[in-house]
Each structure stands twice: as C-alpha cells, then as structure tokens.
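Atoms within each ligand, like the ligands themselves, are counted from 1 in listed order. Just so you know, these numbers come straight off a predicted model, no measurement behind them.
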Amino acid sequence: MCGIHVVLSSSSPHTPSHDLATRLRNRGPDHLGRIVAHVGPGAETLTCTSTVLAFRGNHFTAQPFYDSQTGSVLCWNGEAWRIAGREVEGNDGEAIFGLLAGASASGAALDARGGILDALRSVEGPFAFAYFDKPSQTLFFGRDRLGRRSLVFCQDEASGTFILSSVPESCDPAWKEVELGGIYHRPLGATSGNSLTVSRNDWQADGQGDLISGIGVFNVSGPPKAACLTASSPSVRSLRQQLSESLRFRVWNIPKPPMEDDTRDDTRVAVLLSGGLDCSVLARLTRELLDDGYGIDLLTVAFENPRVNVPYSETLAHRKEVVSLIYPHDTEMDLWKAYALYFAARGQGLCAEAGAPEAQYTTPARLFGGYARHATDFSREGHAGLVNKLKLDIGRVAKRNLGRDDRAMAHWGKEVRFPYLDERLVRWAIETPAWEKCDFANGEDISGVEAVKRVLRLLALELGTEGVAREKKRAIQFGARTAKMETSKANNFTKIS
Ligand SMILES: NC(=O)C[C@H](N)C(=O)O
C-alpha cells in the first residue's frame with residue numbers, strides 16, 4: 001500500500017496538511033518522497049508526494065519515480081502482477097514507469113497518449129496512480145478496473161487547483177472518489193488552453209461491446225437439459241485452479257517486514273477471517289501454497305460480544321478517524337462495515353493457541369488476504385431474472401465499496417489483497433454460465449450443499465472443510481456485530497451524525 005498526493009496549482013508548490021501527511025504516511029510508512037514539476041515556463045506547478053509500503057523487488061524502491069531526462073513523474077500505489085500477460089519480476093512501480101516512459105517516447109503527442117493508455121490497459125492487478133507525462137504535458141490518473149485502491153479528487157474552479165489523493169483531506173463534499181470505468185487524462189500548461197477538462201478513456205481501446213468492468217462479457221446462457229452442478233463438475237476444478245493461481249501471486253515472495261525480530265514465527269500473511277465460506281477457503285488454499293515454515297495469522301474481529309476484543313469505548317475513541325478515512329462514504333452502514341475492517345486490519349487482540357491461555361497478540365503480517373463481495377443473490381424470477389441480478393451485482397461490486405475499504409485498512413500500514421478479485425478469476429466467473437456456479441434448479445439432495453455459491457461450497461468440500469461448505473452467509477456488519485452496538489440507529493442509510 002502506498003499514499004499518493006498530487007496537486008496541480010497555478011501558484012507555488014502545495015503540500016498536504018499535517019493531518020493528511022500523517023494519514024498518507026500511515027499508508028506508506030517505509031518512505032515519503034516529493035517531486036515538484038513545473039508544467040511550463042511561468043505556468044502551473046505539479047507537487048507530487050508519494051509514501052511507500054515496499055513489497056516488491058529485491059531492493060527498496062523510492063517514489064515518486066522521476067525521469068531526469070524527460071521530467072516525467074509517476075506516483076504508484078498498487079501491485080502490477082502482469083503486464084501484457086507477462087508476470088512482473090522485480091519492483092512493479094519501476095516496471096510501470098519504464099513502460100510509460102517507453103510509450104511516451106514512441107511517438108508524437110497524440111500517438112504518445114494512445115501508447116500510454118494502451119500501456120496502462122495492459123496492466124493486471126490492483127492500483128491507483130498519477131502519471132505526469134512531461135513531453136506531452138499531460139496528467140494521467142485513475143484506478144484499476146475494479147477500483148481495488150482508493151483515489152479521491154478535489155477541484156477548486158476559482159483558483160484552478162486540482163488535487164488527487166489516496167485519502168481526502170477533510171469531510172468536505174468537494175472531495176469525490178475518482179470514478180471507475182476508465183483512465184483519465186488532462187492536458188496541462190500551454191496544451192490545456194486553460195481549461196479544466198478531464199477526459200475519460202475506456203479500458204477497451206476498440207470500444208469492444210458489453211464488457212462488465214472492462215473485463216469480460218457476462219454469460220447469459222441457460223442450463224442444458226438435466227444439467228447439474230456436482231463435486232465432479234469441471235467448474236469446481238476450474239475454480240480451484242483460478243483461485244490458487246490468484247493466491248500464488250498474492251502470498252508468494254512477500255519480503256520480511258523491516259523491523260521484525262527473528263525470534264518470532266515467520267508470519268507475513270494474515271487472512272481476515274469471518275468464519276464464513278469465502279475466507280475459510282482462502283485460508284485453506286493459502287496453507288497449501290506456503291511452506292510449513294511460514295505462519296498464517298487468522299484475524300477475526302468482534303465488538304462487544306462474549307469474546308470481546310474491541311470494547312465499545314475503544315470503538316468510540318477511533319470513530320473520528322474512521323469517519324474521516326471513509327469519506328465520501330458517509331452512512332451508518334458504511335461506518336459499521338468500516339469498523340470491522342479497520343479493527344481487523346489493525347491486527348491486535350487476544351490470541352488463543354491450542355492448550356494455552358489467551359494472550360495479547362499483534363500480527364507481524366503486513367499483508368492481508370481479504371474476502372470477496374460475491375454476487376450471490378437468489379432471484380425468484382427464474383434463470384433470466386437470476387442472470388440479470390448477478391450481472392448487475394458484479395458490475396456494482398467494485399464501484400461501491402472498495403475505495404472505502406482500502407482507506408479503512410491501509411491506515412495501519414498494511415496492504416489488503418483480494419484474491420477473489422483477480423481479473424482472470426473475475427473473467428472466469430463472468431464468462432461461466434450461472435448454473436455452473438449456483439445451480440438453483442437442483443436442490444441440496446444431489447450435490448450435498450445449498451445452491452448459493454454452490455461451486456465454492458463444493459470446493460470447500462473437496463478441501464476437507466465440511467463445516468465451512470455448509471456455512472450460511474452473514475453480512476460483515478452483523479458477523480462482527482458492529483451493527484448491533486448502536487441499536488437505536490435502525491436505518492442503515494442514515495447519514496453519520
Ligand atoms: N506497495 C505498493 O503500493 C508499491 C509497490 N508495489 C512496492 O511494493 O513498492
């Protein structure tokens with residue numbers, strides 16, 4: 001995880017306030033760097049600040065990236081797993097900067113823009129970024145197709161100031177999330193004609209049809225006669241392969257945290273565990289992928305329940321911080337969900353090891369495997385109704401929550417990775433017919449598990465986790481009991497007061 005802060009102003013360099021700088025540092029405690037770029041003689045100034053939580057490559061890589069020959073600058077918050085289908089080795093930010101610089105050098109201004117957009121389209125992984133391409137005097141910015149990293153902006157038309165940041169500076173309606181659905185660019189300096197115009201560019205260069213989140217075309221085909229999803233169905237095997245591959249990128253090659261003392265177990269990954277189906281399957285598959293020498297912390301959070309680890313008073317003490325972090329999300333429902341993720345990501349609480357009394361524990365892991373928000377709604381309107389609902393849900397998955405969740409969790413200098421939201425796995429899910437995933441036409445008697453998320457339940461059975469395979473779904477705010485703490489607030493969508 002890292003922090004990004006880029007300010008375009010017509011006056012002198014503009015740095016984040018003390019509070020905002022602290023929040024950016026929380027996200028990237030390993031380094032803070034700053035580059036001031038002048039867009040043109042006597043014209044605008046671009047102040048670029050990056051904080052870094054370093055994970056990739058065998059050496060520490062500072063940010064922002066700066067090319068002293070061209071004057072281009074990159075602030076990168078993310079993990080590029082693949083570029084143009086090839087696995088990224090070494091530091092991903094460096095690879096992206098090289099890619100963008102190469103695309104920029106390859107043509108005149110307009111071609112260069114197309115080349116830079118195509119380069120960004122070829123990246124798989126979660127990210128938010130801001131790239132100033134000095135030769136074409138253009139600022140590019142955006143979030144990955146699913147919005148797994150946060151990026152918010154604020155524009156003051158009167159002064160011409162434009163700010164991009166990983167977290168908002170204040171709970172002011174001027175701060176908005178950078179919308180998903182494309183890569184943005186904005187001409188600067190002489191090329192801008194003094195306009196504040198930001199243009200959106202599709203993820204698909206050729207305007208290819210009805211893609212969901214720029215990733216795949218939803219498969220609406222109905223089940224063939226007598227089709228039935230069971231333990232031996234090909235989709236169970238495919239899901240296992242896809243999920244293991246996604247996890248491999250996310251749990252291998254994680255460097256040891258810098259200050260970690262050698263006497264502790266070597267635990268670099270934690271799974272945020274609600275006890276439900278999705279995260280239990282992740283924990284089980286992660287164990288398969290890591291050598292025995294590596295520990296995996298399982299973090300569960302509960303509020304004011306018999307095994308209290310976050311008392312109400314402590315929740316209140318952090319309220320202001322959480323409210324600021326999740327803004328522009330601002331309902332009670334957002335807050336309940338964010339509390340659960342925020343305290344889980346803190347990784348502090350009681351640890352019960354077999355046979356020993358519970359003791360205070362803080363996870364050394366700086367990386368979490370989160371769980372997905374899956375389209376699981378059952379529709380009573382038959383196959384067509386179900387497909388429409390799934391399609392809608394998949395399209396919405398990202399737009400709603402991921403920026404908020406990223407801001408709530410990154411606060412602790414941890415990075416959250418979503419194995420279920422790998423582009424390839426999502427494409428597989430979108431392109432696989434609904435009945436091969438949930439099969440509402442057949443009851444529990446044939447497959448042994450309920451229809452909702454049946455393919456994942458069958459995988460859980462195959463992995464030997466039977467209890468998990470039959471687990472009912474509970475929304476995070478109820479599982480963690482945050483929603484129960486403030487019982488008087490019945491309406492989830494009430495604005496936070
Ligand atoms: N963690 C980040 O967002 C930056 C980059 N992937 C690094 O490891 O240096």
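- Taking His59 as the reference, Glu94 meet the side chain to side chain donor-acceptor pair (under 3.5 Å) condition, with sequence neighbours excluded.
- The atoms of ligand 1 that sit less than 4.0 Å from any heavy atom of Glu415 are 1 (N).
- Note: an N/O pair closer than 3.5 Å links Leu53 and ligand 1 by distance alone.
- Close approach of ligand 1 to Asn77 (heavy-atom distance below 4.0 Å) involves ligand atoms 3 (O).
- Close approach of ligand 1 to Arg56 (heavy-atom distance below 4.0 Å) involves ligand atoms 6 (N), 7 (C), 8 (O).
- Close approach to Glu79 involves these atoms of ligand 1, each under 4.0 Å from a residue heavy atom: 1 (N), 2 (C), 6 (N).
- The shortest N or O to N or O distance between Gly78 and ligand 1 is below 3.5 Å.
- A donor-acceptor pair shorter than 3.5 Å cannot be found between the side chains of Asp92 and Trp81.
- Salt bridge annotation for Arg145-Glu124: absent, with no cationic side-chain nitrogen under 4.0 angstrom from a carboxylate oxygen.
- Nearest-heavy-atom check against atom 9 (O) of ligand 1 across Asp92, Thr61, Asn91, Thr51 picks out Asn91.
- Checked by atom type, the side-chain pair Tyr361/Asp297 shows a donor-acceptor distance below 3.5 Å.
- Here Lys337 does not pair with Asp405 in a salt bridge; the nearest charged N to carboxylate O distance is not below 4.0 Å.
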